[in-house]
> 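Provided herewith is a single structure, encoded as structure tokens, for subsequent inquiry.
Quick note on labels: first sequence line is chain A, next is B, and so on, each numbered from 1.
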Number of protein chains: 2
Amino acid sequence: VQRLPNETGYEGWLRYRPASSSRRQEGYTAVCQRIVARGASEVLLSARRELGKGLGAILGRIPEFLVEPPVDGRYLGIGTVAEQWLLDALAVAGVPRPTGDGFVLFGQGHATAVFIVGGSDIGCLYGTFALLRRLQLGEDLPNGPVVERPAMALRMLDHWDNLDGSVERGYAGRSIFFARGEVVADRQRVLDYGRLLASIGVNAVALNNVNVAPGAMALPTKRHLGPLAALAGTFRSFGVRVFLSVAFEAPVVAGGLLTADPGSPEVARWWSQLAGGVYDYVPDLGGFLVKAGSESQPGPRVYGRTHADGANVIAAGLEPFGGTLLWRTFVYDCKQDWRDRSTDRAKAAFDEFLPLDGLFAPNVVLQVKSGPMDFQVREPPSPLLGAMANTSQTVEVQLSQEYTGQQVHLCYLVPAWKRALDFDTYASGTGSTVAKLVCGASSRTGMAGVANVGDDPNWTGHHLAQANLYGFGRLAWCPDLPAEQIAAEWAGLTFGPDPASADVVTEMLIASAPAYESYTTPLGLGWMVTPGSHYGPSPDGYEYSPWGTYHFADSVGIGVDRTTSHGTGFTAQYREPWKTIFEDPSTCPEDLLLFFHHLRYDFVLPGGTILVQRMYDRHFEGTAIAEDLLARWRSLAGCVDTVRYRAVEEKLAEQVRQAREWRDVINAYLYRKSGKNDENRRPVY
Amino acid sequence: VQRLPNETGYEGWLRYRPASSSRRQEGYTAVCQRIVARGASEVLLSARRELGKGLGAILGRIPEFLVEPPVDGRYLGIGTVAEQWLLDALAVAGVPRPTGDGFVLFGQGHATAVFIVGGSDIGCLYGTFALLRRLQLGEDLPNGPVVERPAMALRMLDHWDNLDGSVERGYAGRSIFFARGEVVADRQRVLDYGRLLASIGVNAVALNNVNVAPGAMALPTKRHLGPLAALAGTFRSFGVRVFLSVAFEAPVVAGGLLTADPGSPEVARWWSQLAGGVYDYVPDLGGFLVKAGSESQPGPRVYGRTHADGANVIAAGLEPFGGTLLWRTFVYDCKQDWRDRSTDRAKAAFDEFLPLDGLFAPNVVLQVKSGPMDFQVREPPSPLLGAMANTSQTVEVQLSQEYTGQQVHLCYLVPAWKRALDFDTYASGTGSTVAKLVCGASSRTGMAGVANVGDDPNWTGHHLAQANLYGFGRLAWCPDLPAEQIAAEWAGLTFGPDPASADVVTEMLIASAPAYESYTTPLGLGWMVTPGSHYGPSPDGYEYSPWGTYHFADSVGIGVDRTTSHGTGFTAQYREPWKTIFEDPSTCPEDLLLFFHHLRYDFVLPGGTILVQRMYDRHFEGTAIAEDLLARWRSLAGCVDTVRYRAVEEKLAEQVRQAREWRDVINAYLYRKSGKNDENRRPVY
């Protein structure tokens, strides 16, 4: 058996292995061994370097860079619509001009020449990665035009990195941006991260934690601005703009003012000066990201002001520089009394922000979590999405697997994100999907994802968790891509060229999230995690806590009654037909049943199974799938290099152990509450 | 209203306030203003200093030290039975000679002269503190002889202090012995602690955590021995001997050997050399304390050896120097499967150690926790106590309130310790109490308490938690002292001279533990604490964990069936009549009912109440007492200085909040499991 060379996973999906057959290689080489490129901007240089690196490996020889097309007409041309020779090539081929950061790939005369034409320098870079992806996947050189353009303007990763190098809810090592209170001086890792991001179209990064620790308040001050500017420069060469998280009370804590009242002219001046100071160093700063008035972070309420007041004063400081203020709507009372069943955390963001529609400055974007709670494995889409006709919104998802197995469990999240994007809000009639909303008019909206990356050699801890990073970028680029296609692309790039391995990995990815959901908290239950760590089962862990995250299981039934007729009234935040669908347990989707309803254990589900039995069944099924994930991976022994094989095997084996623990704990909990035996007499403790 | 001067609590119960009336003061002064003292050992000098300090404050004038009795015959004489003039005085008064570290206080001729005669220097020091206590409490100078002698040989406090200055399960600040990896250089605090200990008869201190962190392995090495010797010297002047905790695997981790196998001659040599090295610096070292083979600490099992093998090899190293090896029996499998109901952690110590009876070296003492689990508010006494006829045992209790409110809740623990000491094991027929066992033949046994002290200004965090420190020493000195008397002594010393304040505080202390037990986990339930922190309610927190701490509540009933007839068989570890008493729920004490039995919620208790109703009642009652503690304290406004008043008030108010939380969470939990309403329709959520 041929031993495959070991891989660390550091290259991610940009592994650039030689083409899978010599015939393929010859075909690629005939065209791509010579590259005609004239532009020399920073970003275009990144594209050229990537072509050199990628084609060099795929072809097995370093390509030659030329300024004029060679006489035999066999070459790869790259550049933007600002170059006449490429406009001519487009015209000859009858291909439409790319716009914005989009690109066109097309061939000329039976692919003797191939072109990457970008609507901008960044479009060229994206086109470069698109071409290299095709070649890595063993596809033909493009002939008919491939026209692409990012669907969303903002495709952003939010790092919850602290200045001390720790990462809040990070499961892949320490920060790649900060260490021991400083911005890192060695930017090699940042550069390699920038490449990965550009390859999937991500164009913005928030560097630091939205929970801004006191030390990080000083980030936008002189001391750190030099290194920050250098770091932003590294990202800039990959078309990635940098954002900073700032604290609402920064005027007091960092500025030494006596107030952070957004109504104070002094405070307005302070924010304006702060923004000016940063833009001096980072002229293309994306803007600021703020979490205010939530989870013990101070907010405008302290001063009797609204979130609009709070956001607008900071946004005003950014406005002259074209900066965006991202203001999170993850606002709720985290000191709730568990005894009080009338308060419903799910309702908080909608109640807080809806009355403010139209009051936010044009450069404010509300960053709305995809669900109304907090990144559970299953939630309904947030009713706030699309509810504010006159306010820009960006949808926020979480790559870092806080509640979804912490990069020990395999949990491919793209299908869940897609569910949120595909949700029809009916805000302006049928077809008003969340995707349409965030892809819409504004040049400032899109999708933000909490990053799952750290200084682990393979970036994400679990090798297969890279699929979520890849998938996030691809989905933000094109929300219409099927989750399966994204999985297959990633698997092919990461475990190819052997298509068998890629197929197995794809199947594993697709099976993973439903399995996780089933063996943890199916039917929309959520939250039965260990408090604090959010890892492992603890059925009552948050039940008597002040966090608003309950399931109200008693001897009769379980779930949260969020109906309008006799519950918290959360369903009324949805437009029809959702309100009616969610309101009635007979029409509510099974996967959200206990999110919306408190039901008896003997509630009969469609099909005749009673609720608690269905819960038992789901836990046994999910665990069986987890066991199957391990078995499938083991079928790849010898088809994947030893280092990656063993690392993934170890994680999957731990996942199986944990899945069994989840199954047994939750089933025992349900049994001990309900007194109902499993129909199939499987062990329930 | 007269404002009392503020106090920090640093003085503890050695406040030495002027006598409460001028008549009293004159009476004391007439005798005690002149002190005849001849000896000048370190310990006697401590006694003289204390007399100077104490009498100076009580009399309002510094006493005069003489070598010869003054001609008017009015003086305080102090010294040991080694001095002829005191033997003469004893003979004249017809008072028996004190022995060991005991003392006699007596007066001569209508108390014109008063004597403190010690069986040893340390006896003199103890007699000094006894006299000063009398005077502080406003009692008469002794006339008829007061003969005392410590009941237990070992009266020891175990500090769980780490070398970095942290304290495991400490709730009163940082370590007073260690900081930043070093033994402290400033020993003022140690000196003041030594005084406090001597005043209550404590004669041994283990300095460092039984969970020996890697850094602390180096404690008995050159680098630290100088400072350790200095610290031991400070303690020595108060009659306190120092012990060190060492790790079983120290030969490997600290010594660089390839094994810690107790059968290896090399390992025996290593321990011997280690002991020799320490005794060079601390010639009166008490010995070593070891936690092995438990809670992830390596033990002799690793090498196929018994605990006797493990203990004896270390003890052999100590033997030439007269040192004692204290070996903890807190040994159990902390990786238990919660699904397996046949394993019972309560049985572990007995099962592990009983077969080793008679195999331990003479200088090994087993340190046995008072209960079979781990310092819960209520447990039965450990059946291992008294079960090993040929092995020395010391009983271990916990002053630090790990499971009993963490020095936020008031919980006076002396009654619980007394319960353990008064327990009749029937080991050698009726009257074989635990107290008798540990007071018995061996000069190495007694009581060890996990210290509740840190660098907080008042030593124990909660001012009233000092009562547990005081009570520990007094009880080890004389287990026959009633808990109420100890409480009254401490309250009088700490809040006197106003007797009204002392009475209220005494009542509060006595009411406190029953209240805590009732509003947390009455009926022997235990363990419903937040995992990790062990603070606050979490009914299922340890239910699906590997720690062996379950209650098995389901829809029918609750409790652990530890009967021999159909449970884990734990009851069989007790001698009759206990075995029969505990085995039957109708004879088992209510306070231990759910420790020994799994009972239906509708089990009828003597008196007719059903189990779950009794649980509800206890929670409501306990919380009402907690509320009453606060009310009683508030009745002392103006009678206690403002600083201490406010500090205690704040803790008690927090206790009330927490008690209500406990009540509501546990009652809600029981209600949601059982479906049974409270008969009295009080709010259960």
Side-chain angles (χ1 to χ4, degrees), chain A residues 335-343 520 527-533 535-547 550-559 598 600-602 612 619 657-658 660-677 682-685, chain B residues 335-343 520 527-533 535-547 550-559 598 600-602 612 619 657-658 660-677 682-685:
Chain A
K335 298 279 165 62
Q336 175 174 343
D337 190 335
W338 59 268
R339 299 163 189 81
D340 162 26
R341 296 209 185 183
S342 65
T343 304
T520 59
W527 289 111
M528 286 181 157
V529 291
T530 305
S533 75
Y535 189 71
S538 180
D540 273 354
Y542 276 110
E543 192 57 18
Y544 306 103
S545 80
W547 292 94
Y550 315 114
H551 52 64
F552 302 122
D554 60 19
S555 60
V556 180
I558 187 168
H598 185 87
R600 293 177 58 91
Y601 294 115
D602 57 7
V612 72
H619 283 91
R657 276 190 292 276
Q658 274 283 321
R660 290 174 183 156
E661 193 66 15
W662 267 103
R663 174 195 66 195
D664 290 347
V665 169
I666 305 296
N667 280 351
Y669 180 85
L670 293 168
Y671 169 69
R672 293 187 192 178
K673 271 267 159 73
S674 69
K676 303 215 180 293
N677 289 302
R682 291 163 294 196
V684 172
Y685 302 88
Chain B
K335 300 279 166 62
Q336 177 175 338
D337 189 335
W338 59 268
R339 298 164 189 82
D340 163 27
R341 296 208 186 184
S342 65
T343 303
T520 59
W527 289 113
M528 287 181 156
V529 291
T530 304
S533 75
Y535 189 71
S538 178
D540 272 355
Y542 276 110
E543 192 59 19
Y544 306 105
S545 81
W547 292 94
Y550 315 115
H551 52 65
F552 302 123
D554 59 20
S555 60
V556 179
I558 187 168
H598 184 87
R600 293 177 58 91
Y601 295 114
D602 57 6
V612 72
H619 282 91
R657 275 189 292 275
Q658 274 283 320
R660 289 175 184 156
E661 192 68 15
W662 268 101
R663 174 195 65 196
D664 290 346
V665 169
I666 305 296
N667 281 351
Y669 180 85
L670 293 168
Y671 169 69
R672 293 188 193 179
K673 271 267 158 72
S674 69
K676 301 213 183 292
N677 289 303
R682 290 162 294 196
V684 172
Y685 301 88

> Between B/S545, B/P537, B/A668, B/G532, who has the most heavy-atom pairs with chain A when the cutoff is under 4.5 Å?
B/A668

> Using only atom types and a distance under 3.5 Å, with no angle test, would you say the side chain of B/Q658 pairs donor to acceptor with the backbone of B/G536?
no

> Does any heavy atom of chain B fall under 4.5 Å from the side chain of A/A553, the backbone, both, or neither of them?
backbone

> Can you tell me which portion of A/P539 sits under 4.5 Å from chain B's heavy atoms? Options are side chain, backbone, both or neither.
side chain

> Is the B/W338-A/Y685 ring centre distance short of 6.0 angstrom?
yes

> Relative to chain A, which of B/T530, B/D664, B/V556 shows the most heavy atom pairs under 4.5 Å?
B/D664

> Is there side-chain contact between A/D554 and A/H598, with at least one heavy-atom pair below 4.5 Å?
yes

> Could you tell me if B/Y669 and B/D540 have a donor-acceptor pair between their side chains, going purely by distance under 3.5 Å?
yes

